[in-house]
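Everything on this sheet refers to the single structure shown next.
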Protein chains: 4
Amino acid sequence: MNRHDLILHAARTCMIEKGFHNASIKNIAACANVSTGLIYRYFENKESIIEALVRDIVNNMKSHLDDKPARDENQPLDIFQRSDFFADLQDNIFMLMDIASAATRNTRYKKLVAEAHNALQDDIVRREKQQHPAMNESIFRTRHYVTTLLLDGVIVQCGRKGYVVDDELRQMINAIVNKLLHAK
Amino acid sequence: MNRHDLILHAARTCMIEKGFHNASIKNIAACANVSTGLIYRYFENKESIIEALVRDIVNNMKSHLDDKPARDENQPLDIFQRSDFFADLQDNIFMLMDIASAATRNTRYKKLVAEAHNALQDDIVRREKQQHPAMNESIFRTRHYVTTLLLDGVIVQCGRKGYVVDDELRQMINAIVNKLLHAK
Amino acid sequence: MNRHDLILHAARTCMIEKGFHNASIKNIAACANVSTGLIYRYFENKESIIEALVRDIVNNMKSHLDDKPARDENQPLDIFQRSDFFADLQDNIFMLMDIASAATRNTRYKKLVAEAHNALQDDIVRREKQQHPAMNESIFRTRHYVTTLLLDGVIVQCGRKGYVVDDELRQMINAIVNKLLHAK
Amino acid sequence: MNRHDLILHAARTCMIEKGFHNASIKNIAACANVSTGLIYRYFENKESIIEALVRDIVNNMKSHLDDKPARDENQPLDIFQRSDFFADLQDNIFMLMDIASAATRNTRYKKLVAEAHNALQDDIVRREKQQHPAMNESIFRTRHYVTTLLLDGVIVQCGRKGYVVDDELRQMINAIVNKLLHAK
DNA sequence: TATGAATGAGGTTTCATTCAT
DNA sequence: GATGAATGAAACCTCATTCAT
């Protein structure tokens, strides 16, 4: 791993562990086994690290989606079926909350997060359209929106209660999403 | 307004504006037009201010619920119908995100938020039970859970996109909730 | 007790309990059951309270000495024999240390403490002279000096070890002083 | 001098000059000609600085003792004979008083001072034993105790009177100690 | 390129002192 | 006289950032 990615990885680890505001540059440097000064050779400042982290998460999600096999409409949907995708999401729960929170105040983050979401949505809609050319695009968008809403809800709940997604929760969410999809 | 509430109000304003971590005691004092020292006459420390803020939000929600007229089962539900309730929620969105985020790292906050949620849930279940004595309690709990999930999702979305709840969003959420309720 | 003495008494209690620097005006006021503002009606500032306290201690010692029965030269001396005097001294140990310590830096305290010591010494020498008119004054002064030295040592030791003067310590000190006195 | 020792030296100077409670981190930093932040690179907190200072004093005393030539029993003892030892002690007088005073209220300091005293005592007893193998250990301990008592007394007196040890005081103390030692 | 010592602004909190009531 | 709310300077400590080596 090159220095840039090494630092980014360390930043991710620290922020997951300590939270956005408690992950100091020193922590990150120690975690990456480099000097504090070196951080500033690869990133302009702390904000830029967050920026890169968000970009990373988005790219990760996109690549997860790329791998995703086409869903069989007749089978019940399991939005957690790609276990590695959701494992990742769980890992990121705390960081995502922090970043979302930070984004409410920081224009740069906010723009970034919004762009990321739009990119993701476009990506999802595009591939759904390929599968179901006859369907109305607005339905895709709604689906995506609801799913996002629920996932965000789950994230917050997890953060709040401090537990990971267990089977009960997983089934409940799936039931809701399935009902929504088939009700259309 | 007495000094205690004045400071609390200022704290709320600052946190909404600048975020949890950037609302310094000095900021709050300046916003309340008092000296920094005075803050500590009314609150033990910064944590206590947050504590009071969360308690305030919870009590507010409870009193909103108390005012809520019995819902006519045959009419579609509008969870935003109490516009002042949601206006309040929107005001609190940023702060709630920050606090939820901070709660993932701070034991005291986490306990506080958990307590608040339990208190709210108990309150809701109790009043639903009064209205529908024959219904199974677990259904109430599920309903509450889903609603919470969605509301949390909405909060995050709002924070993320930086806009308030518009009509489109409102109708979409309502549609989902209504479908869920009648599917049961 | 008048307000002035009430406050002084409270100050003494607080300083014994919490130490010189940790006894705040608020503490003292609370202990005296008066408002903080009132303190400043009776004392110019915190320094003046110390000043008054030191004066008090000196006067107390003088009055203890006044009560002291003439010592029988043929009996071994017990410098702790006036148990109430030493009880008082023990009570004051911590405060005396603090004040002595503060006096090293504060001209006003230093002058005060020096004056107090001289006053006490003169008082002691005067009464010893009355008892033993033939003896050389320098002997009295030496005796007084040594006794003071030892008492101060005892005070520091007590402060250091955190215990009060026990029988063993008492006998040891007495043995030393007796030897000194009779060696002359 | 390395930064660590530079800061420690500055701390010592400040404490001697201003006293324990008035030697602020900022003062110390200014005195050492470094930034306040740097202090915390070398010491965990203010307490640690004191800790290091006390340790320094103890080590200094021990090394002074190591250099001390064996005393000729037939010659009168001069406990100030190692003039550099006592010069050092005088330098430390103010600080020692403050620390002793602070130790009465602070568990950590108290433990520190107690340990230091025990270490010194053990050191002294050990070397006396080497010189006089036949003598009872309790005699050494008593001697040490009395000497300590007197030294503490001298320290307090010096602090109180604000002067350094002059010849008169020196001779008086020596006379006392000699009498004590030979009376045994 | 890489280090980590150094900086200093800024955070929370305490407390002697003042002053309107 | 008496109160206690209010002030604000100053304490300790943290951390993003810079820079000599």
Side-chain angles (χ1 to χ4, degrees), chain A residues 2-4 6-7 18 21-30 32-50, chain B residues 2-4 6-7 18 20-30 32-49, chain C residues 2-4 6-7 18 21-30 32-50, chain D residues 2-4 6-7 18 20-30 32-49:
Chain A
N2 63 24
R3 287 284 224 248
H4 182 278
L6 183 68
I7 290 170
K18 297 159 178 285
H21 286 278
N22 295 88
S24 69
I25 294 288
K26 219 175 210 174
N27 287 152
I28 294 170
N33 244 315
V34 300
S35 67
T36 56
L38 197 65
I39 304 276
Y40 288 85
R41 206 158 262 290
Y42 291 96
F43 297 92
E44 198 195 330
N45 51 28
K46 208 182 172 184
E47 242 186 22
S48 311
I49 300 180
I50 312 296
Chain B
N2 63 26
R3 288 293 221 237
H4 181 276
L6 180 69
I7 290 170
K18 295 159 178 285
F20 179 78
H21 284 280
N22 296 89
S24 72
I25 294 288
K26 243 180 189 165
N27 284 152
I28 294 171
N33 243 312
V34 299
S35 65
T36 56
L38 196 64
I39 305 280
Y40 291 86
R41 171 167 289 277
Y42 293 97
F43 297 92
E44 203 193 326
N45 50 30
K46 206 183 173 184
E47 252 187 17
S48 309
I49 300 180
Chain C
N2 63 24
R3 288 285 224 247
H4 182 278
L6 183 67
I7 291 169
K18 296 160 180 282
H21 285 278
N22 296 87
S24 70
I25 294 289
K26 220 175 211 174
N27 287 152
I28 294 171
N33 244 314
V34 300
S35 65
T36 55
L38 197 65
I39 304 275
Y40 288 84
R41 207 156 263 293
Y42 291 96
F43 297 91
E44 198 195 329
N45 50 30
K46 207 180 172 186
E47 240 185 24
S48 310
I49 300 180
I50 312 296
Chain D
N2 63 24
R3 288 294 220 233
H4 180 278
L6 180 69
I7 291 170
K18 295 159 178 285
F20 178 78
H21 284 279
N22 296 87
S24 71
I25 294 288
K26 236 178 194 166
N27 285 151
I28 294 171
N33 242 314
V34 299
S35 65
T36 55
L38 197 64
I39 305 279
Y40 292 89
R41 171 167 288 278
Y42 294 96
F43 297 92
E44 201 193 327
N45 50 31
K46 206 182 171 185
E47 251 186 18
S48 310
I49 300 180

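Every chain is numbered from 1, with letters handed out A, B, ... down the list of sequences. Bear in mind the structure is a predicted one, so any value in this text is a computation, not a measurement.
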Round to the nearest Å and state the distance from D/Lys18 atom NZ to F/dA10 atom C1'. 13 Å
Measure CZ/B/Phe43 against P/E/dT14 and give the value in whole Å, please. 15 Å
Which helical stems does DNA chain F take part in, if a stem means at least 3 consecutive Watson-Crick or G-U pairs with both distances below 3.5 Å? E:2-21 with F:2-21
Ignoring hydrogens and geometry, is there a side-chain-to-backbone donor-acceptor pair from A/Lys46 to A/Ser24 under 3.5 Å? no
Could you check whether atom NZ of D/Lys26 has more than 12 heavy atoms from other residues, nucleotides or ligands sitting under 6.0 Å from it? no
B/Ser35: which residues meet the side chain to side chain donor-acceptor pair (under 3.5 Å) condition with it, sequence neighbours left out? none
Within less than 4.0 Å of OP1 or OP2 of F/dA5, is there a side-chain N or O belonging to B/Tyr42? no
Gap between atoms CD1 and P, on C/Ile28 and E/dC15 respectively (whole Å): 12 Å
Using OP1 and OP2 only, check whether a side-chain N or O of C/Ser35 sits under 4.0 Å from F/dT3. yes
Nearest heavy atoms of B/Ala32 and B/Ile7, plus distance in Å: CB-CA, 4.3 Å
Protein-nucleotide distance (A/His4, atom NE2; E/dA2, atom C1'), rounded to Å: 17 Å
Residues forming a side-chain contact (heavy atoms from CB on, under 4.5 Å) with C/Asn22, sequence neighbours excluded: C/Lys18
How close or far is atom C1' of E/dG11 from atom CD1 of B/Ile49, stated in whole angstroms? 13 Å
Round to the nearest Å and state the distance from B/Asn33 atom CG to F/dG8 atom P. 11 Å
Could you tell me the separation between the CG atom of C/Leu6 and the P atom of F/dA2, rounded to a whole number of Å? 11 Å
In chain order, what residues pass the ring pair (Phe, Tyr, Trp, His ring centres under 6.0 Å) check against A/Phe43, with sequence neighbours excluded? A/His4
Excluding sequence neighbours, so at least two apart, what forms ring pair (Phe, Tyr, Trp, His ring centres under 6.0 Å) with D/Tyr40? none
B/Ile39 atom CD1 is separated from F/dG8 atom P, nearest whole Å, by 13 Å
Quick one: side-chain contact (heavy atoms from CB on, under 4.5 Å) partners of D/Arg3, sequence neighbours excluded? D/Leu6, D/Val34, D/Leu38, D/Tyr42
Contact under 4.0 Å: A/Arg41 side-chain N or O vs E/dA2 OP1/OP2: no
Could you tell me whether the phosphate oxygens of E/dA6, OP1 or OP2, come under 4.0 Å of any side-chain nitrogen or oxygen in D/Arg3? yes
Base contacts versus sugar-phosphate-only contacts with protein, heavy atoms under 4.0 Å: please encode nucleotides 13-21 of chain F as B, S and - from 5' to 3'. BB-SBB---
Would you please test D/Ile28 and D/Thr36 for side chain to side chain contact (heavy atoms under 4.5 Å, CB included) and show each step? CA-CA 8 Å; D/Ile28 294 171; D/Thr36 55; over 6 Å; no
